Amino acid sequence: MMSCPKLRNPNVFGVIFLVVLLGSIGVKVAEGRVTRGNDQHEYPAINCRKHIAYLTDFGAVGDGKTSNTKAFEYAIRNLSQYANDGGALLVVPPGKWLTGSFNLTSHFTLFLQNHAVILGSQDESEWPSFPALPSYGKGRDATDGRFSSLIFGTNLTDVVITGFNGTIDGQGSYWWNKFHKDELKLTRPYLIEIMFSNQIQISNLTLINSPSWFVHPIYSSDIIIHGLNIIAPIDSPNTDGINPDSCTNVKIEDCQITSGDDCVAIKSGWDDYGIKFGMPSQHIVIRRLKCISPDSAMIALGSEMSGGIKDVRIEDLTAINTQSAVRIKTAVGRGAYVKDIFVRGMNLQTMKYVFWMTGSYGSHPDPNFNPKALPNITGINYSNVIAENVTYSARLDGISNDPFTDICISNVTIHTVGKKLQWNCTDIQGVTSNVVPKPCELLPEKEEKFSCPFPDDKLPIESVELKTCYFRSVSYF
Ligand SMILES: *[C@@H]1O[C@H](CO)[C@@H](O)[C@H](O)[C@H]1NC(C)=O
Ligand SMILES: *[C@@H]1O[C@H](CO)[C@@H](O)[C@H](O)[C@H]1NC(C)=O
Ligand SMILES: *[C@@H]1O[C@H](CO)[C@@H](O)[C@H](O)[C@H]1NC(C)=O
Ligand SMILES: *[C@@H]1O[C@H](CO)[C@@H](O)[C@H](O)[C@H]1NC(C)=O
Ligand SMILES: *[C@@H]1O[C@H](CO)[C@@H](O)[C@H](O)[C@H]1NC(C)=O
Ligand SMILES: *[C@@H]1O[C@H](CO)[C@@H](O)[C@H](O)[C@H]1NC(C)=O
Ligand SMILES: *[C@@H]1O[C@H](CO)[C@@H](O)[C@H](O)[C@H]1NC(C)=O
Ligand SMILES: *[C@@H]1O[C@H](CO)[C@@H](O)[C@H](O)[C@H]1NC(C)=O
Ligand SMILES: *[C@@H]1O[C@H](CO)[C@@H](O)[C@H](O)[C@H]1NC(C)=O
Ligand SMILES: *[C@@H]1O[C@H](CO)[C@@H](O)[C@H](O)[C@H]1NC(C)=O
């Protein structure tokens, strides 16, 4: 592990003198860099970096019009040489930095200053394409392949994307329009995708208008995500917030998400492709999430879950005007399991279904999916829920000959409006305690009051302590 540089040597911070003309968007580079001792910023990170550079060192122009794809590539290639020498931090200064897809490197921090905005290019030639993900077998929008993500990393270790509330704007409307007109031959890009990697931190940023999913860690482990403010129009297609996919040891805390699809969706591959790949999502903790998503879930488990989903601990959630809370989506053909799920503490305001499980979720990569690949849904615990202005308390549809089992629901108060059949249950089994309104007969109330379990041990990812890192910014005048 690297220790934090103490900033005793100002040379560490590179040598360029930036003059930003206030009130104009132009950035002019003059002969040297001025640093002011009191412009030292503190930020928490899994690792601090010894080397620092500014995006403008590599010819970038922050006018919102000039493409900086080459500048990002040049910068990150240059800084990758420090991977084994204390790592490097790339500062994205205030300005509007238009770019296509670019790749990250290991032992690297991308740092967006306040008022720094990375803009996703709407020129498709700036987006390379990849084959479909191995655990999906097909693209999600189009069967062929997929566009690379705006910020992409594969086979990396120790990567941080953070800042003082800078913004990454995917400018998704271009992609949403093409998707609606069915004009795309490849699956739309995601905003940030990290694949086959470990030790990842994504924090303190505003992410807006992704072309599709926002944050997609896949086949990765040891991931810390916090302080993200994610915003897309509530009618934008597939703008899921954070989708851990075949990932182990994930912590998601203090995020606010408004979107057109699930605020968080835990996944692990699709039908036979996911079963064969066999990589679960597991040991995941989610806390203090705030969600607005009128047509989707606050947290979905699935529908792609064919590598399995287990040991997920979810606490302190708030949803406003959201379709459902922590929803399970699966289908015949998916195989694998969703088990050992714990949810405690939800405050829900205006919702269609508080509890929703679906065993007949459509969308298959191949029409001839294996009818014998039945998912095993078991050990799903919910406690401490208050909900207002709810249409239906529960819609719990298991699979015939493959019921969802060991469902536990305790200490729940739901204020409903109107509908008669509050609990609609088929092919499920479980128990309830202290739940209003009265649950269905398949979820009998136990005589003695009890609380559904929630683990009191800590996951390894919860014990990771962030270091306090510093960097000194150049003065702008
Ligand atoms: C995020 O920002 C908050 C408030 O500015 C700060 O307290 C926190 O340390 C920051 N965390 C990270 C990981 O940058
Ligand atoms: C990139 O790396 C080289 C060292 O290999 C260094 O001399 C150079 O100044 C760096 N920065 C730029 C902008 O090229
Ligand atoms: C980015 O990474 C992908 C996957 O490794 C690779 O195919 C692509 O060439 C890389 N792009 C650049 C510009 O290095
Ligand atoms: C990345 O890691 C995966 C899994 O270990 C491996 O199959 C793949 O070949 C690696 N890709 C690169 C570009 O190293
Ligand atoms: C971050 O920026 C967003 C959008 O610009 C703003 O809504 C939010 O309040 C900011 N958060 C902080 C902590 O400054
Ligand atoms: C709650 O979750 C645990 C762990 O998966 C499981 O064993 C149990 O059956 C679930 N339901 C009840 C009623 O405890
Ligand atoms: C489903 O999981 C439970 C608990 O792990 C196990 O007892 C049961 O055998 C599994 N059922 C199937 C059909 O795999
Ligand atoms: C029941 O849930 C409410 C929040 O919804 C919480 O304040 C209360 O402490 C819970 N009661 C028990 C016995 O856990
Ligand atoms: C209650 O929910 C309905 C939709 O079912 C919504 O139109 C209405 O605004 C909500 N009322 C309040 C007070 O939030
Ligand atoms: C109850 O659920 C079943 C499917 O399991 C569905 O066919 C039926 O329409 C639902 N009833 C209501 C009133 O929503």
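We number each residue from 1, following the sequence as shown. Only heavy atoms go into these numbers, but all of them, side chains included; no hydrogens, no water, no symmetry mates. Each ligand, and each atom within it, is numbered from 1 in the order the structure gives. All of these numbers come straight from a predicted model, not from anything done at the bench.
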Notebook entry, point to check: Has ligand 8 got any nitrogen or oxygen that is less than 3.5 angstrom from a nitrogen or oxygen of N411?
Noted result: yes
Flag the pair [X] and [Y] as a salt bridge only when some basic side-chain nitrogen lies within less than 4.0 angstrom of an acidic carboxylate oxygen.
{"X": "R288", "Y": "D254", "answer": "yes"}
{"X": "R188", "Y": "D141", "answer": "yes"}
{"X": "E124", "Y": "K178", "answer": "yes"}

Can you list the ligand 6 atoms lying under 4.0 Å from a non-hydrogen atom of [X]?
{"X": "P453", "value": "1 (C), 14 (O)"}
{"X": "V431", "value": "13 (C)"}
{"X": "F342", "value": "2 (O), 4 (C)"}

Closest non-hydrogen protein atom to [atom], residue and atom name please, with distance?
{"atom": "atom 13 (C) of ligand 6", "value": "C408 CB, 3.3 Å"}
{"atom": "atom 10 (C) of ligand 4", "value": "N155 ND2, 2.5 Å"}
{"atom": "atom 5 (O) of ligand 6", "value": "D340 OD1, 2.5 Å"}

Check: Which atoms of ligand 8 have any heavy atom of I386 under 4.0 Å away?
Finding: 5 (O)
Quick one: are the ring centres of [X] and [Y] less than 6.0 Å apart?
{"X": "F102", "Y": "F152", "answer": "no"}
{"X": "F58", "Y": "F72", "answer": "no"}
{"X": "Y190", "Y": "F147", "answer": "no"}

Checklist line | 4.0 Å heavy-atom contact, C452 with ligand 6 | finding: no
Margin query: Tell me the nearest of N381, T378, I380, I409 to atom 3 (C) of ligand 6, using heavy-atom distances.
Written below: N381
Next item on the list: Using protein heavy atoms only, decide if any is under 4.0 Å from atom 7 (O) of ligand 4.
Entry: no
Note to self: Can you confirm whether T330 sits close enough to F404 that some side-chain heavy atom of one is under 4.5 Å from a side-chain heavy atom of the other?
What the structure shows: yes
Note to self: Would the distance check show the side chain of S410 and the main-chain N or O of C452 forming a donor-acceptor pair, the cut-off being under 3.5 Å?
What the structure shows: yes
